[in-house]
> 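Sharing a structure below in structure tokens format, with a few things to ask.
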Amino acid sequence: MMLFETYIDPWQFYMGLGFLCILSEALLPGFIMLPIGLALLGTGVLSIFISSVAGQLVCLALLLFLIFVLFEKFVKKSKVGSGYRSNIDALMNYTTVLTADLPKAGAKRIKIYGDS
């Protein structure tokens, strides 16, 4: 591949992209960039020993699969029931006073505290 032959080594490419993905996890919600970044870092380490680009891409695919499975099994499971409260939880068991009639039967949304 021309990029790898003249400018940078493959391990530098994978490591740089891996660090960018891990850094972007702090800015993007969803907990998706961290596993991708870890897989890229692992591929960067292994690309020192694997010279073909096809082998590196297979390694990346296997690491992505393995890390996503491990994250699904251990990390996401630990977040369920961990005491995290959302805005919906804050409104549960909340008593209010109805000051006006509801707009119509079957309304899907009610505004609270000047909600737009």
Side-chain angles (χ1 to χ4, degrees):
M1 192 174 223
M2 188 64 172
L3 173 71
F4 293 149
E5 292 173 359
T6 57
Y7 297 112
I8 61 173
D9 290 332
W11 71 269
Q12 293 171 325
F13 174 75
Y14 291 119
M15 292 291 221
L17 197 57
F19 282 122
L20 282 175
C21 287
I22 291 173
L23 183 64
S24 69
E25 179 65 36
L27 304 173
L28 301 172
F31 212 55
I32 189 80
M33 298 306 286
L34 182 63
I36 294 171
L38 291 175
L40 284 165
L41 288 178
T43 304
V45 170
L46 293 175
S47 70
I48 296 172
F49 308 108
I50 301 171
S51 60
S52 71
V53 176
Q56 293 168 4
L57 293 177
V58 168
C59 177
L60 176 62
L62 291 174
L63 282 174
L64 273 172
F65 178 75
L66 178 68
I67 290 174
F68 273 117
V69 167
L70 290 174
F71 264 61
E72 187 69 31
K73 184 172 183 175
F74 295 110
V75 176
K76 287 192 176 183
K77 185 182 285 185
S78 69
K79 291 184 71 130
V80 174
S82 64
Y84 175 75
R85 295 181 48 96
S86 66
N87 291 338
I88 293 172
D89 293 326
L91 294 175
M92 293 180 76
N93 299 324
Y94 194 95
T95 306
T96 62
V97 177
L98 186 61
T99 59
D101 292 336
L102 294 177
K104 62 181 177 179
K108 303 283 186 201
R109 181 175 160 93
I110 299 173
K111 295 180 184 180
I112 298 175
Y113 299 126
D115 189 17
S116 56

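Bear in mind the structure is a predicted one, so any value in this text is a computation, not a measurement.
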> Does Leu17 belong to the same Ile/Leu/Val/Met/Phe/Trp/Tyr cluster as Ile8, with side-chain heavy atoms less than 4.5 Å apart forming each link?
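They do share one cluster, since a chain of ILVMFWY contacts under 4.5 Å joins Leu17 to Ile8.
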> Checking Leu38 now: which residues fulfil side chain to side chain contact (heavy atoms under 4.5 Å, CB included) with it, not counting sequence neighbours?
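Counting only residues at least two positions away or on another chain, Leu38 forms a side chain to side chain contact (heavy atoms under 4.5 Å, CB included) with Ile22, Leu34, Ile67, Phe71.
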> Looking only at heavy atoms, what is the nearest atom pair of Gly37 and Cys21, with distance?
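Between these two residues, the closest heavy atoms are CA-CB, 3.6 Å.
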> Please answer: with hydrophobic residues joined when any side-chain heavy atoms are less than 4.5 Å apart, are Phe13 and Leu57 in the same cluster?
yes
> To check you understand the geometry: which heavy-atom pair defines the closest contact between Pro10 and Ser47, and what is its length?
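Minimum heavy-atom separation between Pro10 and Ser47: C-OG, 3.9 Å.
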> To the nearest 0.5 Å, how far apart are OH in Tyr14 and CG in Leu41?
12.5 Å
> Please identify each residue that fulfils side chain to side chain contact (heavy atoms under 4.5 Å, CB included) with Leu28, with sequence neighbours left out.
Ser24, Met33
> How many angstroms lie between atom CD1 of Ile48 and atom CD of Gln56, to the nearest 0.5 angstrom?
10.0 Å
> Would you please name every residue forming a side chain to side chain contact (heavy atoms under 4.5 Å, CB included) with Ile32, sequence neighbours left out?
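In terms of side chain to side chain contact (heavy atoms under 4.5 Å, CB included), with neighbours along the sequence ignored, Ile32 is linked to Ile36, Phe68.
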> Please tell me if the side chains of Lys73 and Leu70 come closer than 4.5 Å, counting only heavy atoms from C-beta onward.
no
> Which atom pair, heavy atoms only, marks the closest approach of Ala39 to Leu64?
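The answer is CB-CD2, 3.6 Å.
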> Going by side-chain heavy atoms closer than 4.5 Å, which hydrophobic residues are tied to Ile50, directly or by a chain of links?
Leu46, Leu63
> Kindly give the cluster partners of Val58, where membership spreads through any ILVMFWY side chain lying under 4.5 Å from a current member.
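When side chains under 4.5 Å apart are linked, the cluster holding Val58 also contains Leu62.
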